[in-house]
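All heavy atoms count here, side chains included; hydrogens, waters and symmetry mates do not.
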Amino acid sequence: MKFGINTLDDLEVKDKTVLCRIDINEPVDRNTGTLRDTTRIEACIPTLRELADKGARLVLLAHQGSDIEYKNFYTTEPHAAVLSALLGREVRFIDDVCGPAAREAIRALRGGEILLLDNVRFVAEEQTLFETKLLLSHEEQAKTLLVRKLAPLADLYVNDAFAAAHRDQPSLCGFERLLPSAMGRLFEEEFGVISGLMENPGRPCVFVLGGAKINDAFLMMRTVLKRGTAGVRGGSADLVLTGGLVGEVLLWAEDADIGEGARAFIEKEGYASLLGAAKELLAQYRDRILLPEDFAAVREGRREEYPLGRIPKSALVLDIGTKTAARYEERIRSAGTVFVNGPMGVFEEEATERGTRMVWDALGDTPAYTVIGGGDSIAAARKYGKTGAIDYICTGGGALIRFLTGEELPVVKALRFGSRLPLPGGRPGSHARAC
Ligand code: ADP
Ligand code: MG
């Protein structure tokens, strides 16, 4: 038991049916349907190996998004082949989530066998509408089809999906109401490292925030900046370096001219609604937020840089400029701790990668303890050969950021509940013993 949650050490899994939620959501090649990366699949292997070696009848639940968030979902079939290869034992796949075929396959499992179900997001209640608009409570999530159909077949639930720990969905938070639960090894490690680091980070503690999914970044900025002001040392930011859309929204909020193209893009993405929050942040913490002073755009296929205030009307800025990146490099090299989420620009394209490359190079060199989270941020670290030099690579960008906002993560809350349920065989959960 750690953090009020069972670990795998608390479970006896031999011949028990264990539902294990993992996060193996990977970038998918739009044309071939193959996986472009396997980092997350690799990360959950220790948990799966341990459970299978101990003789569990292992049922894997996972989601796979797509290249277009929430607009299409891919099957998890290609993941079964990767899992099989990495584990060196067969991981069966069934193209069903919780229908009769899936249930029959679960019943037929023997100790040590592993079955991967199809994408849980094929089931409507798992999807974002239920999470964001209807706000199903964990009790309500326990009554959704997925949980109703699968929980009765299982003895235990294990969640190893730290990367999805900020999501409030039935496959993540519903089973814990009904089944004695534990976190997997990856969850235990990621949660442990981040909790420890936030309690006592080396100073100065610098946050580098960029990217294109920025709602949580704004929430988090408010929390970590406020803590610093309130004299709370744990989890507080001494400095925030901004790039990507985070920097652009903050500059717009300051009435700086980031160009028509960038403003239109921010509006299209629905982030103009953050301008109010951005103004508040600037009013209170301007001295601890660094904003870009120059930008890059692409003209006739080539990189062109402009100081702020001289961005041409027709230009769409897609990267921070070299001056800004150099200033950020210095701050990173003299930091004690650096948290990073979101690239500085569209690093996937040669003309707009320099800002991210320079900042990521500094992450590789700095003596500071460096933590990086987010699928694209990690992809950038890989691209620039920095994965070995960064101290901690967190598979969950969204979860990391949400954790830093100070909220209890939905999956952590659910797992704490499920850790209090009696374990099979009448043995009480270790938490119950401790009480
Ligand atoms: P992460 O996956 O690391 O959490 P995000 O998903 O938030 O990061 O953002 C990554 C994406 O943001 C990348 O695909 C990158 O091309 C894009 N991006 C970065 N800067 C900009 C920008 N200024 N304008 C548009 N897109 C950007
Ligand atoms: Mg991303």
Salt-bridge contact R382-D37 (side-chain N to carboxylate O under 4.0 Å): yes
Are any side-chain N or O atoms of D216 and backbone N or O atoms of I401, one a donor and one an acceptor, separated by less than 3.5 Å? no
Below 4.0 angstrom, N of the basic side chain to O of the carboxylate: do R36 and E26 qualify? no
Qualifying residue for salt bridge (Lys or Arg N to Asp or Glu O under 4.0 Å) with K383, from E349, E353, E350, E348: E353
Has S137 got a side-chain atom pairing as donor or acceptor with E140's backbone, closer than 3.5 angstrom? yes
Proximity of F3 and F191 rings by center, below 6.0 Å: yes
Any salt bridge linking E113 with R92? Criterion: basic side-chain nitrogen under 4.0 Å from a carboxylate oxygen. no
What is the minimum heavy-atom distance between V346 and T352, and which atoms define it? O-OG1, 2.6 Å
I'd like to know if D294 pairs up with R327 as an ion pair, taking the criterion as any Lys NZ or Arg NE/NH1/NH2 lying under 4.0 Å from an Asp or Glu carboxylate oxygen. no
Between F162 and F187, is the ring centroid distance below 6.0 Å? yes
Salt bridge (Lys or Arg N to Asp or Glu O under 4.0 Å) assessment of D361 paired with K386: CA-CA 7 Å; D361 278 348; K386 300 295 167 202; 3.4 Å; yes
Pair R21-H63, side-chain donor/acceptor within less than 3.5 Å: yes
Is I24 close to C44 at the side-chain level, that is, under 4.5 Å between some pair of heavy atoms? yes
Are K313 and E260 ion-paired here, with the side-chain N under 4.0 Å from a carboxylate O? yes
Would you list the pairs meeting side chain to side chain donor-acceptor pair (under 3.5 Å) in which at least one residue belongs to residues 331-345, sequence neighbours left out? R333-D365
Taking 4.0 angstrom as the limit, do R40 and D23 come out as a salt bridge? yes
Let me know which of I214, T242, I266 forms a side chain to side chain contact (heavy atoms under 4.5 Å, CB included) with E248. I266
Between E304 and R302, is the closest basic N to carboxylate O distance under 4.0 Å? no
So does L186 get a backbone contact from the side chain of D160, meaning a donor-acceptor N/O pair under 3.5 Å? yes
Under the 6.0 Å and 45° cation-pi test, does R177 pair with F417? yes
Is D257 paired with R263 through a side-chain N to carboxylate O contact shorter than 4.0 Å? yes
Would you call E408 and R416 a salt bridge, taking side-chain N to carboxylate O under 4.0 Å as the test? yes
Within the distance-only criterion (no hydrogens, no angle test), does the side chain of D238 pair as donor or acceptor with the backbone N or O of V206 below 3.5 angstrom? no
